[in-house]
2 protein chains.
Amino acid sequence: MADQKIPQVTAKRLPLYYRYLEKLHAIGKQRVSSAGLADALQIDPATIRRDFSYLGELGKKGYGYNVTYLLQFLRDFLKQDEVTNVVLIGVGNLGTALLRYNFYRSHNTKIVAGFDQDVSKVGTEIDGIPIFAMDRLSEVLALHHVEVAILTVPASVAQATTNFLVNAGIRGILNFTPARLNAPSNIRIHHIDLTVELQTLIYFLKNFPAEEDVNDFTLNSDGDD
Amino acid sequence: MADQKIPQVTAKRLPLYYRYLEKLHAIGKQRVSSAGLADALQIDPATIRRDFSYLGELGKKGYGYNVTYLLQFLRDFLKQDEVTNVVLIGVGNLGTALLRYNFYRSHNTKIVAGFDQDVSKVGTEIDGIPIFAMDRLSEVLALHHVEVAILTVPASVAQATTNFLVNAGIRGILNFTPARLNAPSNIRIHHIDLTVELQTLIYFLKNFPAEEDVNDFTLNSDGDD
DNA sequence: GAGTTTTTGTGATGAAACGCACAAAAGTGC
DNA sequence: GCACTTTTGTGCGTTTCATCACAAAAACTC
Ligand SMILES: NC(=O)c1ccc[n+]([C@@H]2O[C@H](COP(=O)([O-])OP(=O)(O)OC[C@H]3O[C@@H](n4cnc5c(N)ncnc54)[C@H](O)[C@@H]3O)[C@@H](O)[C@H]2O)c1
Ligand SMILES: NC(=O)c1ccc[n+]([C@@H]2O[C@H](COP(=O)([O-])OP(=O)(O)OC[C@H]3O[C@@H](n4cnc5c(N)ncnc54)[C@H](O)[C@@H]3O)[C@@H](O)[C@H]2O)c1
């Protein structure tokens, strides 16, 4: 793989570009400029060009970017033809919504199984996705080559569940609980804290009424966050 | 309001501090150091001290921070005693999960109503929260002094719905749809793109297997914002 | 109460990301 | 095929955020 060090923020924007290019391709558009992308995605055109420049010289001066070529390039780069299987732990309100939302329909990610402690849920299916008891975890991970888990259990059991997941071989966790999880440093954890997102929006609204927009993918979060 | 310019990232971390201080207070802890907070929240202690320093000199050298005092200070600063009413537009899978999750239980934010186009949903209640038709929006906003909306409609109607919301007086939108919304610059929009979050996690996992953790609020950055 | 330890608040430095501005290349029009 | 327009790729200054490192202050110890 010829992927050098791509800045974190760039890696977060690539799926956005990819998604919009799919849309352009679907409506038969042949070419697009950084300015065109900028309008649609509300990202500075220079930032977009810089992002692409990390991947190579993908455009042509005076022309812009060829939609089909760029789309294919990003598909390869993001490995969009390989399907990634994931599991979901905690089939409650939020977990059920995520199971029902079929990521696979529009993306290369598939939730292959749900897990829950509640015996009344075990053995059922949600939109064709089977729900298992926790003690079947290792088995299912091995069968479907799963390394990523979505965590939607109550915060009180989040750490214990994490330990269990790590032990079973999970390497990445998308954590929806408000708990800050401890795990070995080779385990990648992204936090999505919906309560904080809402609180932060309200805070900015109350305190900086007429500020400019700020893109906010999870700083996630955020992170990123 | 004695709030100067607080860095964006700091504003996103304050609710995290607040939440943890509540927990400490509940178990009767009197004092906490930046190192103690750092351990629990996985944020560098210098960053934490710097964050607090924007708000004033809240700690005491050689002692740390008084939990009760700091909690009260943050409560005031974040205006945690004022309840903020919000509405939710699009009572589908995700919308229903959010309605069922009572933000109010642990925070100062209350979803007072849901709205949906689907007549079979209008007139029902979810956990005591009434669901209205879209044409009742202005009325409900005025009644409850609502300025913030959570948007969980299909992406295809997201822009039209946004226009409608802005027109009705909404000033802040927490957008769960993958659409990039256009709105006047005085409207604050935060994006939470769950698909991108998942894709980004997988990307990092595939390409940088043994990297260090990166906080990702939403930014979530958000991050993400 | 003198000496030791703890811990803050912040100056200084570094790292990451953003976006201006422009040369160079390619396309378009006549 | 010449003049003009479009648009990329990137050098570079700016902004934003993270973290080191340390003096100063307060708290403990005995
Ligand atoms: N629902 C939301 O809108 C929302 C919003 C913000 C944050 N969250 C967070 O997301 C998480 C899930 O929220 P929810 O509303 O879906 O809660 P929920 O109670 O509806 O669902 C939790 C599920 O986890 C299962 N569970 C409990 N202990 C378990 C264990 N040890 N192992 C496996 N499964 C277990 C329960 O049986 C239940 O099905 C919580 O941490 C919550 O704080 C949810
Ligand atoms: N469910 C998830 O886990 C998930 C994950 C990622 C992104 N999303 C995004 O969140 C949004 C909602 O997802 P969902 O799974 O809840 O979808 P859904 O189809 O279950 O719910 C959408 C709801 O919006 C209502 N609606 C449709 N048009 C409307 C209009 N013009 N005005 C008012 N209401 C209208 C529908 O009646 C429905 O109740 C989508 O944009 C989706 O892309 C959802």
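Naming convention: chains lettered A, B, ... in sequence-line order (proteins, then strands); numbering from 1 in each chain.
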Checklist entry - Sequence neighbours excluded, which residues qualify as side-chain hydrogen bond (donor to acceptor under 3.5 Å, both in side chains) partners of B:T47? => result none
Checklist entry - Can you list every pair that meets side-chain hydrogen bond (donor to acceptor under 3.5 Å, both in side chains) and has a residue in residues 24-38 of chain B, with sequence neighbours left out? => result B:S34-B:R49
Next on the checklist: Please enumerate all residues that pass side-chain contact (heavy atoms from CB on, under 4.5 Å) together with B:T152, with sequence neighbours excluded.
Outcome noted: B:L88, B:L94, B:L98, B:I150, B:F176
Item to check | Spacing between B:I43 atom CD1 and D:dT19 atom P, to the nearest angstrom | outcome: 10 Å
Item to check | Distance, rounded to the nearest Å, where A:D39 contributes CG and D:dT7 contributes C1' | outcome: 14 Å
Checklist outcome for this item: Protein heavy-atom contacts under 4.0 Å, written 5' to 3' over nucleotides 8-18 of chain D as B (base), S (sugar-phosphate only) or - (none), form the string BBBBB----SS
Next on the checklist: Restricting to side-chain contact (heavy atoms from CB on, under 4.5 Å), what partner residues turn up for B:Y18, sequence neighbours left out?
Outcome noted: B:E22, B:L71, B:L74, B:R75, B:L78, B:Q80
Checklist entry - Can you check the A:L37 CG to C:dG19 P distance for me, whole Å? => result 15 Å
Item to check | For B:N108, side-chain hydrogen bond (donor to acceptor under 3.5 Å, both in side chains) partners two or more places apart | outcome: none
Checklist entry - Which whole-number value in Å describes the distance from B:Q30 CD to D:dA27 C1'? => result 16 Å
Next on the checklist: Per the side-chain hydrogen bond (donor to acceptor under 3.5 Å, both in side chains) rule, what does the pair list look like for residues 83-92 of chain A, sequence neighbours excluded?
Outcome noted: A:T84-B:K206
Item to check | Degree of bending in the helix from C:dG1-D:dC30 to C:dC30-D:dG1 once both end axes are built from five pairs, to 10° | outcome: 30°
Item to check | B:R19 bridged to A:D193 by N-O distance under 4.0 Å | outcome: yes
Next on the checklist: Expressed as a whole number of angstroms, how long is the span from A:R31:CZ to C:dG27:P?
Outcome noted: 9 Å
Checklist entry - Is there any side-chain hydrogen bond (donor to acceptor under 3.5 Å, both in side chains) pair reaching into residues 156-169 of chain B, and which pairs are they, with sequence neighbours excluded? => result B:Q159-B:N163
Checklist outcome for this item: Taken to the nearest whole Å, NZ/A:K5 to C1'/C:dA16 is 13 Å
